[in-house]
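Ligands are counted one by one from 1 in listed order, and the atoms in each one are counted from 1 as well. Starting from 1, each residue takes its place in the sequence as its number. In this text, all values refer to a predicted model and were calculated from it rather than measured experimentally.
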Amino acid sequence: MTVHDWQSLPLDIDSGEAIARTGLDYRLVDTSGADTFGDWLQAGNRGFHAPDSGEEQLGAARDALAYRRTTGVYDATGPNPTWPVATTGSWVSDLTLPGGGGIPMWAISNVTVAPTHRRRGIARALLEGELRTAAAAGVPIAGLTVTEATIYGRFGFGAATSVTNWVIETERARWVGPTPEGRIDFIDRERAAAELPALHERVRRSNPGETSAWTGLWRRISGTMAGQQDASKIRAVRYADASGRTRGVALYRLSGDPTDFTKHELTLIYLLTETADAYAALWRFVLEHDLVDIVRASMRSIDEPVRWMIADQRAATVTVRDHHWLRVLDVPRTLMARRYAGAGECVIRVTDALGLADGTWMLRVDDNGEAKVEASTEPATVTLGVAALGSILLGGVRANTMYAAGRIHGEASAIAVLDRQFGALETPWLGFTY
Ligand SMILES: CC(C)(COP(=O)(O)OP(=O)(O)OC[C@H]1O[C@@H](n2cnc3c(N)ncnc32)[C@H](O)[C@@H]1OP(=O)(O)O)[C@@H](O)C(=O)NCCC(=O)NCCS
């Protein structure tokens, strides 16, 4: 599907009617119209408790996000009818599955409903409309990253990857990891923005849960969006191997303690590496930075090797939280696109209140970890909601755990098969929000 295909998909009729019943108007927003799209972006800022954008920031945001299918809900009776009271943006990205394959994913972002119009069912209409539109367009799965963990389960999304947030006391940590031979150099922010897309394209297939990114993301992370606040504080370094090839990039910012110059905090904004050497070298650089006593890093993997590269693991306080939520729309296509950790067969019944993924399937995994999935009339040995299917899809949580949590039901022997099949091949991780 090309950009133009998804941008011009018609609005969902049922959602349009549900919104019309509340006296409001559901519209596709023309992202080439500077004023209309500008008002939509400002409404999005307001929805996420962010300040209004200045003209320069607005122009940069328009350029960065114009490719998305952009919808708004408008209230003609309000004093500001050109500002939407609800917003959503969506596009098709490429989701990495276990084994390194990818499937098209309907990525959903910018979901906001103005506080003046909350809890009237607007978000429900928007979300259900997104899912029906994606399914009708043949996109097998939808995804989003969330502000709150309480919103999207009801629409069939399950938390599929978690991330860790780190606070490390540098003096106590002490580096005991490898000391690679390549070199680290500062690069300017523009160069970081230019290097990151290709590096990410090379790396993202190794992490189930990663998705293709967009230019505006790299500009924001590296501080090169026009008008970006505090961008001048962002520092960029790259690790190059012996041949001079960039193998990793780290972006960070420092903030000082006005009473003690030795107590700076280093916030690692983003770290992306494609080799173990780059990973070790850039973490060491960060942890051994002079005049820094605390390093903070967020949205890291749940299985960071750096834990094993410091002498005192207790120097790091690590918290875990849900991050990437997935919503299966087409069960056979999604399940056949991943590789599995164990062979076996089971008949799974998937329940879905929206009816999009509802059904019973025979899942057969061969010794190569490849699956065949066919509709089945046999009695199911495992029953699970579509949200639970999204959660186990990447191996981010074990089927056994979801069974113990009452999210999956079935015969013990079938749960054991499912647990073996869906076990993680690689640690699922998504390193950014969208
Ligand atoms: C979250 C938000 C989009 C909800 O919009 P809304 O129009 O008020 O939601 P709806 O009225 O359609 O509610 C749909 C359902 O979700 C529930 N719900 C809505 N917001 C919720 C929240 N923050 N936490 C838990 N449940 C929530 C409602 O109770 C309702 O439940 P039910 O239909 O199952 O009984 C809106 O409050 C908002 O814009 N918040 C700030 C921005 C934000 O966090 N956006 C999410 C980005 S990931």
Between Phe285 and His289, how do the two ring planes meet: parallel, tilted or perpendicular, split at 30° and 60°?
perpendicular
Out of Thr112, Val111, Thr433, Val73, the nearest non-hydrogen contact to atom 45 (N) of ligand 1 is supplied by Val111
In ligand 1, the atoms that come under 4.0 Å of a heavy atom of Thr147 are 43 (C), 44 (O), 45 (N), 46 (C), 47 (C), 48 (S)
If the cut-off is 4.0 Å to any non-hydrogen atom of Gly47, which atoms of ligand 1 fall inside it?
41 (C), 42 (C)
Parallel, tilted or perpendicular for Trp283 and Trp166, by the 30°/60° rule?
tilted
Would a search of protein heavy atoms around atom 13 (O) of ligand 1 find one under 4.0 Å away?
no
Measure from NZ or CZ of Arg327 to the centre of the six-membered ring of Tyr152 and say whether it is under 6.0 Å with the direction within 45° of the ring axis.
no
Regarding atom 30 (C) of ligand 1: of the candidates His49, Arg154, Arg119, which has the closest heavy atom?
Arg154
If we number the atoms of ligand 1 from 1 as shown, the ones under 4.0 Å from a heavy atom of Val146 are 48 (S)
Compute the ring centroids of Tyr270 and His200, then answer whether they are less than 6.0 Å apart.
no
NZ/NE/NH1/NH2 to OD/OE distance under 4.0 Å, Arg364 and Glu374:
yes
Using a 4.0 Å cut-off to any heavy atom of Glu148, which atoms of ligand 1 qualify?
22 (C), 23 (N)
Which of the atoms of ligand 1 are close to Ala123, meaning less than 4.0 Å from one of its heavy atoms?
3 (C), 4 (C), 5 (O), 6 (P), 7 (O), 9 (O), 12 (O)
Proximity of Arg120 to ligand 1 by residue part, where a heavy atom lies under 4.0 Å
backbone
heavy-atom search around atom 25 (C) of ligand 1 in the protein gives Thr150 OG1, 3.4 Å
Could you check Trp6, Trp214, Trp106 and say which one makes a ring pair (Phe, Tyr, Trp, His ring centres under 6.0 Å) with Trp91?
Trp214
Starting from atom 1 (C) of ligand 1, locate the nearest protein heavy atom and write down its residue, its atom name and how far away it is, to 0.1 Å.
Ile151 CD1, 3.6 Å
If the cut-off is 4.0 Å to any non-hydrogen atom of Tyr152, which atoms of ligand 1 fall inside it?
46 (C), 47 (C), 48 (S)
I'd like to check atom 40 (N) of ligand 1 in this structure: does the protein have a heavy atom lying under 4.0 Å from it?
no
Report, in ascending order of atom number, the atoms of ligand 1 lying under 4.0 Å from any heavy atom of Arg124.
12 (O), 32 (P), 33 (O), 34 (O)
Arg118: numbered ligand 1 atoms lying under 4.0 Å from its heavy atoms
8 (O)
